[in-house]
Amino acid sequence: GLPPGLSQDALRHAFEELFNALPEYTARYMQRNTPPKPLAHPRSVPTGRGVFTFVEFEDSTLARTAIEMSGFYLQGRSIQVNFPSSEQAVEVLSRVPPLDVSPLRNACKLPLCGGPGAVFADEVWIGNIPPLLRGRGDRLIEELTQTLLAIPQVNERFPSLLQPISAVNFAAELSFGFVQVASEVLASTLVAMREVQVSSGRLRTGWPTGRRGQAPPLNIAAADEAPGARGGGALCDQEQLANGAQTDEVFVGGVRGVDAASLWTAFGRFFKSLPAYREKYDHSFEPVVAVRSGTGAFCFVRLPGA
């Protein structure tokens with residue numbers, strides 16, 4: 001839903017900013033001076049669905065593109081944009097190719113997994129809140145902030161980030177609540193931790209009911225890459241790392257109970273079974289540089305860079 005009291009000008013301005021950030025839009029439309037045109041006013045709906053509006057655009061391409069912009073933030077809310085309820089309109093618009101919104105998605109202005117009705121997966125459920133922190137949003141934000149900023153990859157990915165947690169909403173009984181996180185990646189990272197040690201106990205983390213983020217979490221495990229640590233939680237090829245070889249790390253999920261050595265072997269066999277790999281690389285070349293396990297059912301596999 002839209003923020004209560006949102007003006008037509010504010011909504012128009014929000015869409016104009018999004019469209020103006022698209023190179024394809026500026027190339028096709030700006031010379032004609034035809035920005036998107038919201039015409040209807042937001043109005044309350046008595047069914048509890050919140051506030052919504054209908055927005056009219058100059059053509060079907062702009063309308064279809066606006067639907068792909070679902071999830072953009074406006075006055076602190078992730079706004080849902082969807083097809084109108086008319087089946088005929090849905091059928092017509094679904095056949096219209098939208099403009100390329102990847103620049104907005106790459107800039108984290110749209111959800112990682114977009115589409116009609118998408119919203120940012122940046123809210124995390126927090127449970128088992130200790131009594132000393134119940135109702136103390138400021139303290140909870142401070143302790144979760146310290147936890148996230150202590151993760152090396154958080155500082156590498158977001159070097160200027162100071163406030164990864166922006167808000168806390170407690171449930172009525174205060175033993176659980178929801179925190180608003182600065183990005184989908186950080187939300188996935190907080191959920192992947194499953195438990196967070198705070199000054200007066202241990203919090204539990206998870207996705208809110210009915211929601212699940214798709215952004216891969218950052219590595220929350222210690223980078224314990226000791227040479228020859230086969231069979232443990234981390235493995236690495238020290239020779240490749242020492243030689244300064246370019247490498248890239250990929251997230252691998254659904255591997256609970258699988259040790260690092262098994263993953264190393266599985267990835268190696270998979271790559272070496274590919275004809276294109278065998279044509280490009282010598283048989284002695286190792287496709288896996290390192291394996292680092294997370295604390296949940298996931299790990300990170302480092303591969304030679306392109």
Side-chain angles (χ1 to χ4, degrees), residues 1-45 49-85 89-90 92-94 96-123 157-167 179-188 211 213-215:
L2 296 171
L6 179 71
S7 69
Q8 177 179 343
D9 287 342
L11 183 59
R12 183 196 304 272
H13 180 68
F15 272 114
E16 287 178 352
E17 280 195 336
L18 292 170
F19 276 98
N20 288 336
L22 300 180
E24 190 175 0
Y25 171 78
T26 56
R28 291 176 56 175
Y29 289 90
M30 289 305 290
Q31 292 183 350
R32 296 165 49 195
N33 193 29
T34 54
K37 301 176 180 179
L39 299 182
H41 292 277
R43 60 182 182 274
S44 298
V45 182
R49 293 169 55 192
V51 179
F52 74 91
T53 187
F54 292 99
V55 181
E56 185 175 334
F57 296 90
E58 181 175 285
D59 61 31
S60 57
T61 297
L62 294 179
R64 184 67 183 87
T65 304
I67 293 171
E68 291 299 310
M69 293 175 173
S70 182
F72 71 90
Y73 263 103
L74 181 60
Q75 297 183 8
R77 293 195 180 190
S78 185
I79 305 300
Q80 286 185 287
V81 186
N82 215 328
F83 293 104
S85 56
V90 172
V92 171
L93 282 176
S94 62
V96 177
L99 301 178
D100 180 16
V101 298
S102 61
L104 293 172
R105 213 172 301 287
N106 294 338
C108 297
K109 293 185 177 181
L110 298 179
L112 179 68
C113 294
V119 294
F120 271 99
D122 55 5
E123 187 177 62
R157 178 76 175 269
F158 307 97
S160 61
L161 180 67
L162 298 176
Q163 195 68 47
I165 308 294
S166 59
V179 295
Q180 199 78 31
V181 190
S183 80
E184 292 182 294
V185 169
L186 289 175
S188 292
R211 290 199 182 177
Q214 300 297 320

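One is the number of the first residue; the rest follow in order along the sequence.
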For [X] against [Y], the heavy-atom pair lying closest together:
X	Y	answer
G71	S78	O-OG, 2.8 Å
P116	F83	CG-CE1, 3.5 Å
A118	S70	O-OG, 2.6 Å
L74	I79	CB-CG1, 3.7 Å
P164	L186	CB-CD1, 4.0 Å
E184	V119	OE2-O, 4.4 Å

*asked:* Set out, in order, the CA-CA distance, both residues' side-chain angles and the distance that settles side chain to side chain contact (heavy atoms under 4.5 Å, CB included) for R28 and T61, then state yes or no.
replied: CA-CA 11 Å; R28 291 176 56 175; T61 297; 4.2 Å; yes
Interatomic distance, [X] atom [atom1] to [Y] atom [atom2] [nearest 0.5 angstrom]:
X	Y	atom1	atom2	value
E68	S102	CD	OG	11.5 Å
R77	Q180	CZ	CD	11.0 Å
L104	L22	CG	CG	4.5 Å
L11	E16	CG	CD	10.0 Å
L99	T26	CG	OG1	10.0 Å

When you compare the side chain of [Y] with that of [X], does any pair of heavy atoms fall below 4.5 Å?
X	Y	result
R157	V185	yes
S183	L161	no
V181	E123	no
V92	S60	no

*asked:* Is it the case that the ring center of F19 lies less than 6.0 angstrom away from the ring center of Y29?
replied: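 Not under 6.0 Å, so no.
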*What about F120 and F72, are their ring centers closer than 6.0 Å?*
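Distance test on ring centres: not under 6.0 Å, no.
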*asked:* Between Y73 and D122, is the side chain to side chain contact (heavy atoms under 4.5 Å, CB included) condition met? List the steps.
replied: CA-CA 11 Å; Y73 263 103; D122 55 5; 2.2 Å; yes
*Donor-acceptor pair, R105 side chain versus P111 backbone, under 3.5 Å?*
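Yes; at least one donor-acceptor contact below 3.5 Å.
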*Evaluate side chain to side chain contact (heavy atoms under 4.5 Å, CB included) for H13 paired with D9, printing each intermediate quantity in order.*
CA-CA 6 Å; H13 180 68; D9 287 342; over 6 Å; no
*Could you please spell out the steps behind the side chain to side chain contact (heavy atoms under 4.5 Å, CB included) verdict for L62 and Y25?*
CA-CA 9 Å; L62 294 179; Y25 171 78; 3.8 Å; yes
